[in-house]
Novice: 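Quick one: structure below, then a few questions.
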Amino acid sequence: MVILHRASSALIWYRLTSCRYKHRLNHPGVHIPHGVQYKVSQNLPDEYVDHPLYPAVRSKYPPGSWGSMEPKKAWMHFELGEKHYRHLKSVKERLTIMAYQNMMCYYDKLDVEQIDSKLIWMVTGRPRSPRSLPFYKHITRTHVTDELPKFYEQMDVESLLTYVKPILIDRILTHEYAQKDDIPLEDMYDKGDYKVPSIMNEKQLKIDQSRTTNVLTDMVRTIVNVLAEHKPYLRKALIGSDVPVEAWWSLNLDGQKYDRAKWHHDQNTTSFQFRDKAAVQVKTSKPLKSIVDPNSTLCQTPVPLCPYHPPAFKVFTDRYLPMQIPGHWHGEGHDFNLLSIYSMDSLYQHDSYFNEDELLPSLMSWIVNAGHAELLAQAYYLGFSMWREPTYPLIAQTAVSNRRQWIFGVYQLNTISHFKPHDAQTTSNICWVSPLMNLYDRVENGELVNFNDDVLRHLLRFILNEPIMEPNWNLTPYVEDISNIDERYKKFIRNLYEVVKLEKQDSREHHRWAKIHHDTTVFNRRYAMMTTLFKDIVFDNWPREWYGRTLERIERKKNMPTFKEYDLLMSVSR
């Protein structure tokens with residue numbers, strides 16, 4: 001038995017060894033000597049070609065500067081931008097998709113779908129905290145210079161100043177003496193009630209803002225009417241009062257840890273939304289000439305990082321739809337801003353927070369916020385975006401005033417891709433700010449005491465800064481010509497953008513709580529209706545993640561909703 005066991009073990013060992021070498025006979029470079037050569041057939045098969053047919057190996061980073069961003073996230077941002085500009089044929093579609101992608105869909109305990117907007121850091125022109133200029137420079141990637149560009153001094157306005165000055169003084173005095181405080185009816189017969197100081201201050205603030213808006217509008221209209229005879233671009237200029245300005249952008253965190261308001265496409269970014277109203281705004285159809293070359297040394301100045309979080313500067317989050325409004329809706333023409341003036345009265349609402357040495361930096365922050373927001377929204381209307389940098393600098397002339405005090409600023413927008421890391425930003429935005437000046441000290445005996453002509457000179461120079469009437473470059477290089485598409489697609493684009501305009505500017509505050517019909521916001525309900533009416537266009541042109549589960553739920557229903565005699569030429573209304 002021992003002999004048979006040894007014999008069987010030897011046989012098994014022999015078979016395993018022979019089989020192992022048997023399978024290795026055709027494996028080159030293992031058991032064959034290096035000197036052995038094999039004949040190679042000279043007649044190649046027909047499927048061989050001179051150039052490879054397989055795709056090229058993708059580079060580590062997409063085209064452009066990405067700094068320390070992870071290659072995977074860099075390609076994600078690049079492909080997202082390519083998808084936007086490949087599938088969306090118009091700016092209105094891009095603005096609507098940008099608003100819809102900030103909608104959050106979840107299910108409650110009863111398995112009912114709930115839809116709400118995601119959190120965004122809400123920013124206004126007026127800074128809420130002193131010493132906040134480094135923070136606003138950081139989130140807007142702006143380098144600030146404490147003087148205006150030199151070319152304004154070369155504009156001779158002395159003769160015009162002599163002619164306009166008495167007219168403007170008369171207009172200012174008329175408003176100062178004509179506008180009186182409205183006395184409530186209850187105050188006329190009952191003087192013993194105690195009035196809450198905060199309520200009285202709020203009423204006085206509204207009165208001051210209304211006075212400032214009327215005076216500034218009258219001043220600008222007077223100057224434009226005087227100059228329109230000799231300046232053709234002012235004849236077609238549009239002048240508006242209480243103009244809404246809104247802008248949304250995504251900012252890279254550069255390694256900082258934010259717990260809120262993260263952009264859902266990239267958790268290393270956060271979102272900001274600017275909201276304010278310009279007291280007066282003058283718009284033209286042509287752009288202003290650039291102040292400096294974007295490749296100059298000044299535009300290459302790095303902007304230092306601000307390590308503090310937004311709540312340290314009294315900037316908090318809210319649920320809101322991302323909006324881009326440079327003072328008008330898209331398609332109304334006059335896409336370029338010539339001058340914007342903001343009311344300074346709200347700055348003194350929290351005057352205990354600001355000392356004399358903190359007032360000027362706070363006003364500089366206002367100029368930076370307002371100039372950046374106007375030009376950012378304007379860039380989106382021209383076809384640019386965070387994935388498509390402006391091909392030419394955009395200029396904004398801004399002033400902040402309370403009728404007596406004035407401060408002027410010029411902003412040049414060079415870059416809007418704030419979602420990239422700080423080390424990937426090779427170009428900065430530039431803002432030039434003047435000192436704070438008094439137009440007059442006080443009104444006494446029907447006269448303006450110590451009237452300052454320099455303030456009027458700056459205002460005249462801003463309005464006399466003539467736009468480029470025939471630019472030799474394409475103003476909208478990324479806007480496709482949609483004149484060749486079918487009429488139904490045009491109606492879809494027009495009505496889709498009306499959904500974005502559902503929430504009117506004067507009642508925008510209630511959007512957060514506007515829940516009607518199945519706990520769904522007005523925007524999402526109308527967006528679902530529009531995508532249902534034009535579901536063939538949506539299915540054929542849009543990727544799946546852009547219209548969500550709206551159409552999928554409709555396809556599963558047996559009884560499809562019908563809209564009787566829906567007039568596509570009329571705008572969508574509530």
Novice: Inspect the contact between Arg488 and Asp536 and indicate whether a charged nitrogen and a carboxylate oxygen are less than 4.0 angstrom apart.
Specialist: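 Looking at Asp536 and Arg488, the cut-off is met.
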Novice: I'd like to know if the side chain of Asp266 reaches the main chain of Thr269, judged simply by a donor and an acceptor atom lying under 3.5 Å from each other, with no hydrogens or angles considered.
Specialist: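 No, Asp266 side chain to Thr269 backbone: no donor-acceptor pair under 3.5 Å.
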Novice: Can you tell me how far CD1 of Ile395 sits from CG of Leu375, rounded to the nearest 0.5 angstrom?
Specialist: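 It is 7.5 Å, given to the nearest 0.5 Å.
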Novice: Is Asn268 reaching over with its side chain to a backbone N or O of Asn252, donor-acceptor style, under 3.5 angstrom?
Specialist: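 Not at all, since once roles are kept as given, no pair shorter than 3.5 Å links the two residues.
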Novice: Are Asn414 and Thr427 linked by a side-chain donor-acceptor pair shorter than 3.5 Å?
Specialist: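 No, because no side-chain N or O of Asn414 sits under 3.5 Å from a partner of the opposite role on Thr427.
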Novice: Could you tell me whether the side chain of Gln273 reaches within less than 4.5 Å of the side chain of Val123, counting heavy atoms only?
Specialist: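 No - every pair of side-chain heavy atoms lies 4.5 Å or more apart.
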Novice: May I ask you to check whether Thr217 and Ser241 show a side-chain donor-acceptor distance below 3.5 Å?
Specialist: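 Their side chains do contain a donor-acceptor pair, which is all the 3.5 Å distance test asks for.
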Novice: Provide the closest heavy-atom pair for Thr317 versus Ala261 in the form atom of the first, atom of the second, distance.
Specialist: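 Scanning both residues, the minimum pair turns out to be CG2-CB, 3.9 Å.
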Novice: Taking atom OG1 of Thr284 and atom CG of Leu234, what is their separation to the nearest 0.5 Å?
Specialist: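 These two atoms lie 9.0 Å from each other.
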Novice: Can you say whether the rings of Trp66 and Phe78 are parallel (under 30°), tilted (30 to 60°) or perpendicular (over 60°)?
Specialist: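 Answer is perpendicular, since the angle exceeds 60°.
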Novice: Are His418 and His138 close enough that their ring centres sit under 6.0 Å apart?
Specialist: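 They do not qualify: ring centres at least 6.0 Å apart.
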Novice: Going by heavy atoms in the side chains, are Val368 and Trp366 under 4.5 Å from each other?
Specialist: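 A side-chain contact is absent here, since even the closest heavy-atom pair is not under 4.5 Å.
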Novice: Could you tell me if Glu246 and Tyr320 have a donor-acceptor pair between their side chains, going purely by distance under 3.5 Å?
Specialist: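 A donor-acceptor contact under 3.5 Å links the two side chains.
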Novice: Evaluate Asp276 against Thr124 for side chain to side chain donor-acceptor pair (under 3.5 Å), listing each step before the verdict.
Specialist: CA-CA 6 Å; Asp276 206 341; Thr124 60; 5.6 Å; no
Novice: Would you say the side-chain atoms of Thr212 and Asp345 include a donor-acceptor pair closer than 3.5 Å?
Specialist: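 Yes, side-chain donor-acceptor contact under 3.5 Å.
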Novice: Mark yes or no for whether Thr531, through its side chain, and Lys535, through its backbone, hold a donor-acceptor pair below 3.5 Å.
Specialist: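 Side chain of Thr531 to backbone of Lys535, a donor-acceptor pair under 3.5 Å: no, none is there.
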Novice: Between Tyr342 (side chain only) and Lys277 (backbone N and O only), is there a donor and an acceptor less than 3.5 Å apart?
Specialist: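 No, Tyr342 side chain to Lys277 backbone: no donor-acceptor pair under 3.5 Å.
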Novice: Which heavy atom of Lys92 sits nearest to which heavy atom of Ile493, and what is that distance?
Specialist: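 That closest heavy-atom pairing would be CB-CG2, 3.9 Å.
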Novice: Just checking, is any N or O donor in the side chain of Ser428 or Gln300 under 3.5 Å from an acceptor N or O on the other one?
Specialist: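 No, no side-chain donor-acceptor contact under 3.5 Å.
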Novice: Given Trp249, which partner from the list Phe419, Tyr380, Phe272, Trp263 fulfils the ring-ring contact (aromatic ring centres under 6.0 Å, His included) test?
Specialist: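 Filter result, single survivor: Phe272.
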Novice: Hey, what do you get for OG1 (Thr391) to CH2 (Trp473), rounding to the nearest 0.5 Å?
Specialist: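 It comes to 9.0 Å.
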Novice: Does NZ in Lys289 sit with more than 12 non-hydrogen atoms of other residues, nucleotides or ligands closer than 6.0 Å?
Specialist: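 No, NZ of Lys289 has 12 or fewer neighbouring heavy atoms, counting only those of other groups under 6.0 Å.
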Novice: Charged N to carboxylate O below 4.0 Å: is that the case for Arg221 and Asp218?
Specialist: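 No, this pair does not count.
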Novice: Could you grab the distance from atom CG of Leu456 to atom CD1 of Ile223, nearest 0.5 Å is fine?
Specialist: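 That separation rounds to 5.5 Å.
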Novice: Decide yes or no for Phe336 and Gln378: does some side-chain heavy atom of the first lie under 4.5 Å from some side-chain heavy atom of the second?
Specialist: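 Yes, side chains in contact.
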Novice: State, with a plain yes or no, whether a side-chain heavy atom of Tyr381 is found less than 4.5 Å away from one of Pro326.
Specialist: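 Yes - at least one pair of side-chain heavy atoms lies under 4.5 Å apart.
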Novice: In terms of side-chain heavy atoms, does Thr222 have a donor or acceptor partner in Arg171 at a distance below 3.5 Å?
Specialist: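 On atom types as modelled, these side chains qualify, holding a pair under 3.5 Å.
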Novice: For the aromatic rings, using the six-membered ring if either is Trp, is the centroid distance between Tyr489 and Phe534 under 6.0 Å?
Specialist: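 For Tyr489 and Phe534, the ring centres are not under 6.0 Å apart.
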Novice: Could you tell me whether the side chains of Asn337 and Lys283 share a donor-acceptor contact shorter than 3.5 Å?
Specialist: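 Yes - a donor-acceptor pair under 3.5 Å links their side chains.
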Novice: On a heavy-atom basis, which atom in His87 and which in Asn541 lie closest, and how many Å separate them?
Specialist: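 For His87 versus Asn541, the nearest heavy atoms are ND1-O, 3.0 Å.
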Novice: Distance alone, cut at 3.5 Å: any donor-acceptor contact between the side chains of Thr142 and Tyr411?
Specialist: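 A pair is found: one side chain offers a donor N or O, the other an acceptor, under 3.5 Å apart.
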Novice: Using modelled atom types and a 3.5 Å cut-off, is there a donor and acceptor pairing between side-chain atoms of Arg461 and backbone atoms of Val157?
Specialist: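 Such a contact is absent between Arg461 side chain and Val157 backbone.
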Novice: May I ask you to test the Val282-Gln397 pair for a side-chain heavy-atom distance under 4.5 Å?
Specialist: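 With C-beta onward as the side chain, the pair stays apart.
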Novice: Mind checking whether Tyr497 and Leu95 have side chains closer than 4.5 Å, heavy atoms only?
Specialist: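 SC-SC contact between Tyr497 and Leu95 confirmed.
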Novice: For Cys299 and Pro294, which heavy atoms make the closest approach, and how far apart are they?
Specialist: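 Shortest heavy-atom contact: CB-O, 3.2 Å.
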Novice: Would you find a donor on one side and an acceptor on the other, under 3.5 Å apart, between the side chain of His372 and the backbone of Ile139?
Specialist: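 Side chain of His372 to backbone of Ile139: no pair is present.
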Novice: Contact between Met437 and His458 at the side-chain level, heavy atoms closer than 4.5 Å - yes or no?
Specialist: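 SC-SC contact between Met437 and His458 confirmed.
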Novice: Do we see a donor-acceptor contact under 3.5 Å between the side chains of Glu389 and Ser417?
Specialist: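 The answer is yes; a qualifying pair exists.
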Novice: Does any donor atom in the side chain of Asp335 or His330 lie under 3.5 Å from an acceptor atom in the other side chain?
Specialist: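 Result is no, nothing qualifies.
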Novice: Is Glu480 paired with Lys89 through a side-chain N to carboxylate O contact shorter than 4.0 Å?
Specialist: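 No salt bridge links Lys89 with Glu480.
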Novice: A side-chain contact here means heavy atoms from C-beta on lying under 4.5 Å apart; do Val245 and Ile325 qualify?
Specialist: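 Result no, sub-4.5 Å side-chain heavy-atom pair not found.
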Novice: In terms of heavy-atom contacts, does CD of Glu158 have more than 12 from other residues, nucleotides or ligands at under 6.0 Å?
Specialist: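 Check passes, neighbour count above 12.
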Novice: Taking the six-membered ring for Trp, are the ring centroids of Trp542 and Phe492 within less than 6.0 Å of each other?
Specialist: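 Yes, ring centres under 6.0 Å apart.
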Novice: Give a yes/no verdict on a cation-pi contact between Arg388 and Tyr478, requiring under 6.0 Å between NZ or CZ and the six-membered ring centre and an angle within 45° of the axis.
Specialist: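 Arg388 over Tyr478 ring: yes.
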Novice: Below 4.0 angstrom, N of the basic side chain to O of the carboxylate: do Glu79 and Arg58 qualify?
Specialist: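 Result for this pair is yes, salt bridge flagged.
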Novice: Would you check if the side chain of Ser365 reaches a backbone N or O of Pro361 as a donor-acceptor pair within less than 3.5 Å?
Specialist: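 Between the backbone of Pro361 and the side chain of Ser365 there is a qualifying donor-acceptor contact (under 3.5 Å).
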Novice: For Leu160 and Leu460, which heavy atoms make the closest approach, and how far apart are they?
Specialist: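 Heavy atoms only, the tightest pair is CD2-CD2, 4.0 Å.
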Novice: Taking all atoms of both residues into account, what is the closest heavy-atom pair of Leu436 and Met344, and its distance?
Specialist: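 Heavy-atom minimum between the residues: CD1-CE, 4.3 Å.
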Novice: Suppose we call two aromatic rings close when their centres sit under 6.0 Å apart. Are His77 and Trp387 close by that rule?
Specialist: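 Here the rings of Trp387 and His77 have centres that are no less than 6.0 Å from each other.
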